[in-house]
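This chain uses plain numbering: 1 for the first residue, then up along the sequence.
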Amino acid sequence: MRNRKFSKGKKFIFFLPVVALIAAALGFVVMYLWNWILPEVAHAGRLNFWQAIGLLVLCRILFGNFNKGGGGHAFREKAHNMRAKWHSMNEEERAKFKEEYKRRCGGWGRHDHH
């Protein structure tokens, strides 16, 4: 009986076209959605396929969300740690935190006209 396990070389040869197909599909999806929505809504220019691929790469560099496991683990861990920290604070510490947050981020999303 033959050994049916693929060697690493055969796996790589199979893996490479699959990655290329996924990248091409994502590029076309980004190009289509961009060209369908943004020119009219945001008066942005149209993208060609290679610009869409470049945009995907740029997003990967800036946001790093294409990692294995779906990502989000680090964000969930930080949120959990922040929640635990908040619950361990007493009322005075919470009020101090809120004041510091307002001082640093006070104007976000507000349209106060004085």
Side-chain angles (χ1 to χ4, degrees):
M1 194 177 242
R2 289 178 45 186
N3 186 355
R4 293 186 175 227
K5 289 186 179 181
F6 286 119
S7 68
K8 287 185 180 187
K10 287 182 182 177
K11 285 182 183 179
F12 180 75
I13 290 171
F14 174 76
F15 183 71
L16 201 57
V18 170
V19 169
L21 283 173
I22 291 171
L26 285 172
F28 279 113
V29 167
V30 168
M31 183 181 74
Y32 174 77
L33 289 173
W34 180 287
N35 292 336
W36 178 48
I37 298 169
L38 290 175
E40 191 167 325
V41 173
H43 305 293
R46 298 180 61 83
L47 286 183
N48 65 33
F49 173 76
W50 294 110
Q51 289 170 325
I53 294 292
L55 187 60
L56 281 171
V57 171
L58 178 63
C59 288
R60 170 64 175 100
I61 291 168
L62 293 176
F63 305 115
N65 285 337
F66 295 160
N67 57 356
K68 290 183 180 179
H73 177 72
F75 176 79
R76 284 191 296 270
E77 188 174 329
K78 286 179 184 179
H80 176 72
N81 290 342
M82 188 64 203
R83 202 173 298 115
K85 185 176 180 180
W86 178 261
H87 288 298
S88 69
M89 291 180 183
N90 61 35
E91 290 302 316
E92 182 180 330
E93 291 169 328
R94 288 179 183 175
K96 187 176 178 181
F97 176 85
K98 287 179 183 179
E99 286 302 315
E100 182 65 19
Y101 182 82
K102 283 181 187 177
R103 186 182 71 73
R104 290 185 185 188
C105 310
W108 289 14
R110 297 188 183 160
H111 300 287
D112 296 333
H113 300 287
H114 295 158

inquiry  = Under the rule for salt bridge (charged side-chain N to carboxylate O under 4.0 Å, His left out), what residues qualify as partners of Arg83, not counting sequence neighbours?
reply    =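 Result, salt bridge (charged side-chain N to carboxylate O under 4.0 Å, His left out) vs Arg83: none returned.
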key: Ile22-Leu55 co-clustered via ILVMFWY side chain contacts under 4.5 Å   = yes
request  = Identify, with sequence neighbours excluded, every residue that meets side chain to side chain donor-acceptor pair (under 3.5 Å) alongside Glu92.
outcome  =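 Checked Glu92 against side chain to side chain donor-acceptor pair (under 3.5 Å); zero matches.
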Tell me every residue that passes side chain to side chain contact (heavy atoms under 4.5 Å, CB included) with [X], counting only those two or more places apart in sequence or in another chain.
X: Ala44; value: Trp34, Leu38
X: Glu99; value: Lys102
X: Glu91; value: Arg94
X: Val41; value: Ile37

query = When Ile, Leu, Val, Met, Phe, Trp and Tyr are grouped by side-chain heavy atoms lying under 4.5 Å apart, directly or through other members, which residues fall in the same group as Ile13?
reply =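 Via sub-4.5 Å side-chain contacts, Ile13 links to none.
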message = Who clusters with Phe15? Use side-chain heavy atoms, under 4.5 angstrom, across I, L, V, M, F, W and Y, and order the result by chain and number.
response =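 Its cluster mates, by chain and number, are Val19.
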message = Other residues, nucleotides and ligands only: do more than 12 of their heavy atoms fall within 6.0 Å of CD on Glu100?
response = yes
request  = Count the heavy atoms of every other residue, nucleotide or ligand shown that sit under 6.0 Å from CH2 of Trp36, and state whether that count exceeds 12.
outcome  = no
Gap between atom CD1 of Ile53 and atom CZ of Phe28 - 0.5 Å precision =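 Taking CZ in Phe28 and CD1 in Ile53, the distance rounds to 8.0 Å.
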Nearest heavy-atom pair of [X] and [Y]: which atoms, and what distance?
X: Ala52; Y: Val30; answer: CB-CG1, 4.0 Å
X: Met82; Y: Phe97; answer: CE-CZ, 3.5 Å
X: Pro39; Y: Arg46; answer: CG-CG, 4.0 Å

